[in-house]
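Letters A, B, ... mirror the listed sequences (proteins, then strands); counts begin at 1. Please read these numbers as outputs of a predicted model, since none were measured by experiment.
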Amino acid sequence: RKEVEQDPGPFNVPEGATVAFNCTYSNSASQSFFWYRQDCRKEPKLLMSVYSSGNEDGRFTAQLNRASQYISLLIRDSKLSDSATYLCVVNHNQAGTALIFGKGTTLSVSS
Amino acid sequence: NAGVTQTPKFQVLKTGQSMTLQCAQDMNHNSMYWYRQDPGMGLRLIYYSASEGTTDKGEVPNGYNVSRLNKREFSLRLESAAPSQTSVYFCASSLGGGGQETQYFGPGTRLLVL
């Protein structure tokens, strides 16, 4: 089983739509969770961290379910500028480890 | 602040040639990383440096060497390039190690090995 799994999409939605992405991770020892955004031919950038209680940043809401080892990202009122690949990222927080990236989910928002 | 910078942006090599990818950060970060990104594979860690003077292997270290030249700079060397090393290479840095802190990425180096 891959460490971090995401539906690659693409998700094609109209402007204003609500879209949700899901991610599962295999290591129950994972402690830190993130969503990164990557635009075409650009570097990944942190979108938001994911906290146990869930957290919101404007139109973006992230949820974590440790029991099911499942992370989600909800985008409300989609904008054209939201078109990108969204990377689910986890970390085991063990000494000497770095981030484990999912392959990403591609979102295309159209007018 | 420039953040994380990488040189070169693009490079074409012939099989067997060597080259060094340069990375520098001006955020006074302690940890630095090299990733490669291939279509359908996602980002994979090649090497990382938790702090100045230390380096460790990541998931895919074969065919690469690294040098943490000082706190700011972390270079990746391909001694004898192979077509399988055609990829986009990203350098990243974070204030601390352990993955709890945000990693900031450079713009990437696109490498083609013929």
Side-chain angles (χ1 to χ4, degrees), chain A residues 1-10 21 23-52 55 57 60 62 64 71 84-106, chain B residues 2-7 9-10 21 23 25 27 29-51 54-61 66 74 87-111:
Chain A
R1 181 181 172 185
K2 294 187 176 65
E3 292 212 51
V4 179
E5 293 199 61
Q6 298 181 248
D7 181 344
F21 305 140
C23 167
T24 57
Y25 59 96
S26 61
N27 191 329
S28 60
S30 296
Q31 293 294 323
S32 301
F33 309 91
F34 311 89
W35 284 101
Y36 275 69
R37 170 193 168 128
Q38 186 172 25
D39 294 303
C40 187
R41 300 181 69 79
K42 297 288 189 180
E43 71 272 23
K45 292 183 180 179
L46 179 69
L47 177 66
M48 58 196 302
S49 300
V50 186
Y51 302 119
S52 295
N55 48 299
D57 183 1
F60 300 84
L64 170 65
I71 306 160
T85 296
Y86 292 83
L87 307 174
C88 176
V89 185
V90 306
N91 180 272
H92 306 323
N93 284 13
Q94 297 167 4
T97 62
L99 301 177
I100 309 297
F101 286 78
K103 295 180 183 179
T105 298
T106 299
Chain B
V4 180
T5 57
Q6 292 182 235
T7 56
K9 286 186 170 56
F10 305 95
L21 282 65
C23 174
Q25 52 89 11
M27 296 177 282
H29 284 172
N30 294 302
S31 300
M32 298 185 74
Y33 313 84
W34 276 106
Y35 293 90
R36 60 178 288 174
Q37 187 174 36
D38 303 294
M41 295 296 294
L43 279 148
R44 293 181 293 170
L45 183 67
I46 304 171
Y47 271 93
Y48 64 96
S49 171
S51 61
T54 68
T55 61
D56 285 287
K57 295 179 181 179
E59 181 185 354
V60 289
V66 290
F74 188 38
S87 189
V88 181
Y89 292 85
F90 288 103
C91 177
S93 70
S94 63
L95 183 60
Q100 291 178 316
E101 303 193 34
T102 302
Q103 289 191 13
Y104 296 86
F105 285 79
T109 294
R110 284 166 175 75
L111 176 65

Quiz prompt | Interface moiety of A:Gln38 toward chain B, non-hydrogen atoms closer than 4.5 Å | solution = side chain
Quiz prompt | Nearest heavy-atom neighbours spanning B:Phe105 and A:Pro44 | solution = CD1-O, 3.5 Å
Practice problem: Give, for atom CG of B:Leu43 and atom CG of A:Leu99, the distance between the pair rounded to the nearest 0.5 Å. | Solution: 9.5 Å
Quiz prompt | Residues in side chain to side chain donor-acceptor pair (under 3.5 Å) contact with B:Tyr89, at least two apart in sequence or another chain | solution = B:Tyr64
Quiz item: CG/A:Asn91 to OG/B:Ser94 distance, rounded to the nearest 0.5 angstrom?
Solution: 9.5 Å
Quiz item: Do the side chain of A:Lys103 and the main chain of B:Gly42 share a donor and acceptor less than 3.5 angstrom apart?
Solution: no
Exercise. Output every pair passing salt bridge (Lys or Arg N to Asp or Glu O under 4.0 Å) with a member in residues 35-49 of chain B, not counting sequence neighbours, ordered by first then second residue.
Key: B:Arg36-B:Asp38, B:Asp38-B:Arg44
Self-check item: Value rounded to 0.5 Å, distance of CZ in A:Phe101 from CD in B:Gln103
Solution: 5.5 Å
Quiz prompt | Structural part of B:Glu59 lying under 4.5 Å from a heavy atom of chain A | solution = neither
Exercise. Could you have a look at B:Gly108, B:Gly40, B:Gly58 and say which one has the most heavy-atom pairs with chain A under 4.5 angstrom?
Key: B:Gly40
Quiz item: Which answer fits A:Lys45, side chain, backbone, both or neither, if we ask what part of it has an atom under 4.5 Å from a heavy atom of chain B?
Solution: neither
Quiz prompt | chain B contact via A:Tyr36 - side chain, backbone, both or neither, heavy atoms under 4.5 Å | solution = side chain
